[in-house]
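Take a look at the structure below.
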Amino acid sequence: MAADLSHQHAPISTSFQGKSSDGDFHLSDEQVAFFHEHGYLSGVKILEDEQVDILREELEAFFQSDHDGRELWYEYHTNESATPDTVLFHALGAWRVSPGFHDVLWSPAFIAAAEQLLDGKVRFWHDQLFCKPANHGGVVAWHQDYSYWTRTKPMAHLTCWIGLDDADRDNGCVQYVPGSHKWDLLPVTGLAGDMNAIREVLTDDQWEQFQHPVAAELKKGEATFHHPLTVHGSFANRTDRPRRATVINAFRDGVCSDSDDVLLHGIPPIAKGKKMEGKFFPLLSAESFDA
């Protein structure tokens, strides 16, 4: 049985530490302002090529449903696509299973950006893997992340989507509706099904704004960050290239549970009103490399 790496609240290797020659990882004032105005920020370099290679190698083992550590996932779907002729691999909990996906949470470039965009220290919420194979990769329908996270408050969350391949319009990169983070919370209309289902819950003005999405095209190792209310989705991959990504979801230190129910499958509940912390929600700090 694989060791549960959630016991480790610091990197277990130096592979994702970054290099002294990288300099300051902080975002510019212009980048922060863009995020707050539009609800997303793309093209932020997080990983070097050799770090991407580590994650790709670990990811290959996850595609086999009987892999070591299978019992540690919060969710694990070899195919969450709504149609049998397309594939969307989607899983939560890789940080517990393998060292690379554990240590990437402490990437200094990620932490520096997250602290700026959330205006404070950050804690880990959960990770995700979204993988679309070549030729028949499925969609991720339009949605707001916080619609799945209402069991926490206040809404001080952040999503970081990191490409493990070059991602563009053709192979199904993330697309955003700029300014939609200023909308109210929308009802859930499905994650891996009908791309047009969201129309049912939009006003006419929102639908008009929805007609002008922006594609966040990235090189491997680059990331896009977005606000928990920003409407986003991604279309099918019909190219001969895979489109793999790892996602880090974080929240500002001080966010509390808003439910007495289980927050993630397989972990103990945190009582409503109590601070989100402990084994499964570690404080993320680049200083952990020196611990």
Side-chain angles (χ1 to χ4, degrees), residues 27 31-42 44 46 74-75 90 92-93 95 105 110-130 140-162 173-192 197-198 201-203 206 209-210 213-214 216 218 223-234 245-259 261-264 270 272-273 275-277 280-284:
L27 302 173
Q31 287 175 304
V32 174
F34 185 95
F35 175 86
H36 289 302
E37 175 63 24
H38 300 284
Y40 73 95
L41 177 68
S42 62
V44 180
I46 300 293
Y74 306 135
E75 290 186 30
H90 179 214
L92 284 68
W95 81 293
L105 306 184
F110 162 70
I111 292 173
E115 289 182 343
Q116 286 181 272
L117 297 177
L118 283 174
D119 194 25
K121 294 294 185 180
V122 299
R123 286 188 179 272
F124 175 61
W125 174 211
H126 67 77
D127 59 7
Q128 292 171 279
L129 296 171
F130 283 105
V140 178
W142 298 102
H143 67 284
Q144 296 169 312
D145 286 344
Y146 193 68
S147 63
Y148 294 92
W149 299 341
T150 54
R151 55 196 184 276
T152 58
K153 69 175 186 181
M155 188 183 62
H157 294 63
L158 181 71
T159 299
C160 175
W161 191 103
I162 306 172
C173 70
V174 176
Q175 300 201 33
Y176 294 113
V177 179
S180 55
H181 65 304
K182 300 174 184 178
W183 298 355
D184 291 334
L185 184 66
L186 302 172
V188 173
T189 55
L191 186 66
I198 197 172
V201 299
L202 298 182
T203 67
Q206 288 171 334
Q209 191 174 343
F210 185 80
V214 173
L218 304 171
T224 182
F225 290 83
H226 60 260
H227 185 281
L229 289 182
T230 301
V231 173
H232 61 287
S234 59
T246 184
V247 177
I248 305 173
N249 300 298
F251 53 80
R252 189 171 61 231
D253 186 30
V255 165
C256 294
S257 170
D258 196 35
S259 172
D261 294 331
V262 171
L263 296 168
L264 293 167
I270 294 179
K272 184 175 181 178
K275 182 179 177 180
M276 296 279 289
E277 58 185 350
F280 297 101
F281 310 107
L283 190 68
L284 301 178

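Side-chain contact between Met276 and Leu263 is present, with heavy atoms from C-beta onward closer than 4.5 Å. With a 4.5 Å cut-off on side-chain heavy atoms, Trp95 and Pro282 count as touching. Counting only heavy atoms from C-beta outward, the side chains of Val188 and Val201 never approach each other to under 4.5 Å. By the 4.5 Å heavy-atom criterion applied to side chains, Thr152 and Trp125 are counted as neighbours. Using a 4.5 Å heavy-atom threshold, the side chains of Val262 and Arg151 count as separate.
Counted within 6.0 Å of NZ on Lys272, heavy atoms from surrounding residues, nucleotides or ligands total 12 or fewer; the atom is thus considered open.
Between Phe251 and Phe124, the ring centre distance reaches or exceeds 6.0 Å. Checked against the 6.0 Å centroid threshold, His126 and Tyr74 do not count as a close aromatic pair.
Inspection of the Trp183 and Gln209 side chains reveals an N or O donor paired with an N or O acceptor under 3.5 Å.
Here the options are Phe210, Tyr40, Phe35, the test is ring pair (Phe, Tyr, Trp, His ring centres under 6.0 Å), and the partner is Tyr176; only Tyr40 passes.
In this structure, Thr230 contributes its side chain and Gly39 its backbone to a donor-acceptor pair below 3.5 Å. Of the possible donor and acceptor atoms, one in the side chain of Arg252 sits under 3.5 Å from a partner among the backbone N and O of Leu118.
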